[in-house]
Amino acid sequence: VFVKAARMATNEISAGKSAEKWKVFRDASEAREELGLQSNSLAVLDALLSFYPENELRQDAQLIVFPSNAQLMLRSHGMAGATLRRHLALLVEAGLIIRKDSANGKRYARKNRDGEIESAFGFDLSPILARSEELAMIAQKVVAARSAFRKAKENLTIVRRDVRKLISAAIDEGADGDWSTIEGMYIDIVARIPRSPTMADVTNILDELELLQSEVLNQLHIQKDSAFNSINDAQMSDP
DNA sequence: AATTAGGGACCATGTTGCTT
DNA sequence: AAGCAACATGGTCCCTAATT
């Protein structure tokens, strides 16, 4: 089954295709969560790639590495054997590598007289080449989402501080209105911000805060309007 | 028969994040 | 601040298959 899958994976790679392995590794690292991997899985993937002698992964090459678990443990920063095996299984599950088992399950390469590898048993890296564009796209998406998230959080902070200032100023200046109720609403909204919010959390809270913000501004405008007795109506209304 | 490498399953321990 | 649940880790046992 695995051999068949491996053949299928290599067959899907268009002729002459190649990719720089560490570039794909960085993309896969960005796509870590989407792939269902943990940070240590990446350490193992790093180790696996380090056993491939070339920098370029080529479609016409044998993309099989065959390090022993002991070697992999060393190059995975001393990771324990049981943990290493789990992460290898995760990488297989994520579809980044394919097991190519020998009859006895051990990893090795059989070489001919010229020293060329005739057949190798270990891990097939060809899915990494096959999916290089896909991984790059996921990485791009993740980076974009991260910066959008950062911007949303910045927005939230700005609006939050603004509303807080407006309410405090209104109370200090003794403006008309039920400011203690409004302050209570503000405190309630802010208290519902989770410790590590998701994008949805941030946008929801931001919506509520902006609603509250416009209510506060509305209150203050009404008051100013009456105070200035509609002389400045043209300037007070929104552009 | 003994040895060796690999892998799955189980268990105890340690971390971390979340709730109260 | 403390306790709880989920999760990751690492050690061990057991099995397989080839090699000697």
Side-chain angles (χ1 to χ4, degrees), chain A residues 1-10 25-26 28-53 62-113 115-128 138 142 145-146 149-150 152-153 156-157 160 184-206 208-209:
Chain A
V1 178
F2 284 133
V3 175
K4 189 181 174 189
R7 289 219 182 97
M8 285 175 62
T10 32
F25 174 71
R26 284 192 293 274
S29 300
E30 293 285 13
R32 183 182 66 83
E33 277 182 88
E34 322 274 323
L35 294 168
L37 300 176
Q38 305 164 220
S39 56
N40 265 350
S41 317
L42 296 176
V44 174
L45 182 60
D46 187 328
L48 283 171
L49 285 172
S50 78
F51 280 99
Y52 188 71
Q62 280 267 349
L63 296 174
I64 298 180
V65 292
F66 38 91
S68 69
N69 279 347
Q71 290 304 311
L72 281 175
M73 285 160 67
L74 278 178
R75 292 206 197 176
S76 311
H77 317 122
M79 182 181 300
T83 308
L84 173 75
R85 285 195 288 277
R86 262 201 309 277
H87 287 291
L88 286 171
L90 279 182
L91 290 170
V92 171
E93 207 177 321
L96 290 183
I97 59 175
I98 297 167
R99 288 188 199 277
K100 191 150 181 266
D101 294 333
S102 67
N104 63 358
K106 302 184 187 191
R107 304 181 198 121
Y108 61 89
R110 210 183 291 286
K111 297 182 180 178
N112 62 21
R113 305 232 171 162
E116 290 172 341
I117 293 173
E118 216 167 69
S119 53
F121 299 97
F123 297 105
D124 185 356
L125 303 178
S126 58
I128 294 175
I138 296 176
V142 168
R146 184 158 53 223
F149 183 47
R150 192 179 48 77
K153 279 197 293 188
L156 179 58
T157 303
R160 173 180 168 174
M185 291 169 69
Y186 168 82
I187 291 172
D188 179 62
I189 293 172
V190 168
R192 291 207 323 277
I193 302 176
R195 303 128 196 93
S196 48
T198 65
M199 186 61 164
D201 291 332
V202 173
T203 52
N204 285 340
I205 300 280
L206 188 58
E208 293 184 50
L209 267 184

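For the numbers below, each heavy atom of this structure counts, side chains included, while hydrogens, waters and symmetry mates do not. Residue numbering restarts at 1 for every chain, and letters A, B, ... go by the order of the sequence lines.
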For the pair made of CG in A:Leu88 and P in C:dG10, what is the distance, rounded to whole Å? 14 Å
Nearest to side-chain heavy atoms of A:Asn104, which nucleotide of C:dA18, B:dG6, C:dT12: C:dA18
Any idea which of C:dA17, C:dT9, B:dG7 is nearest the A:Ala103 side chain? C:dA17
Does a side-chain N or O from A:His87 land closer than 4.0 Å to OP1 or OP2 of C:dA8, or not? no
Out of C:dT12, B:dT4, C:dA8, which nucleotide sits closest to the side chain of A:Lys106? B:dT4
Atom CG of A:Asn69 to atom P of B:dT4: distance rounded to whole Å? 16 Å
Would you say A:Asn40 reaches C:dA8's phosphate, i.e. side-chain N/O to OP1/OP2 under 4.0 Å? no
Would you classify A:Ser102 as touching base, sugar-phosphate or nothing, given that sugar-phosphate means primed atoms plus P, OP1 and OP2, and contacts are heavy atoms under 4.0 Å? nothing
Heavy-atom closest contact (A:Leu48 atom, A:Val65 atom, distance): O-CG1, 3.8 Å
Around atom CZ of A:Arg75, are there more than 12 heavy atoms of other residues, nucleotides or ligands at under 6.0 Å? yes
Are any side-chain N or O atoms of A:Ser76 and backbone N or O atoms of A:Met73, one a donor and one an acceptor, separated by less than 3.5 Å? no
Spacing between A:His77 atom NE2 and C:dT9 atom P, to the nearest angstrom: 13 Å
Ranking B:dA9, C:dG10, C:dT9 by distance to the side chain of A:Arg85, first place goes to B:dA9
Here the distance between atom C1' of B:dG17 and atom CD of A:Gln38, to the nearest Å, is 15 Å
Take atom OH of A:Tyr108 and atom P of B:dA5, then tell me their distance rounded to the nearest Å. 14 Å
Is A:Asn40 close to A:His77 at the side-chain level, that is, under 4.5 Å between some pair of heavy atoms? no
Give a yes or no on whether the ring-centroid distance for A:Phe121 and A:Tyr108 is below 6.0 angstrom. yes
If I take atom CG in residue A:Leu84 and atom P in nucleotide C:dA8, what distance separates them, rounded to the nearest angstrom? 16 Å
Could you pick out which residue, A:Pro67 or A:Arg86, lies toward the 5' side of DNA chain B when each is mapped onto its nearest nucleotide? A:Pro67
Which whole-number value in Å describes the distance from A:Arg99 CZ to B:dA5 P? 17 Å
Could you state the atom-to-atom distance from CG of A:Leu74 to P of B:dA5 in whole Å? 14 Å
For a quick test of reading the model: is some side-chain N or O of A:Thr83 closer than 4.0 Å to OP1 or OP2 of C:dG10? yes
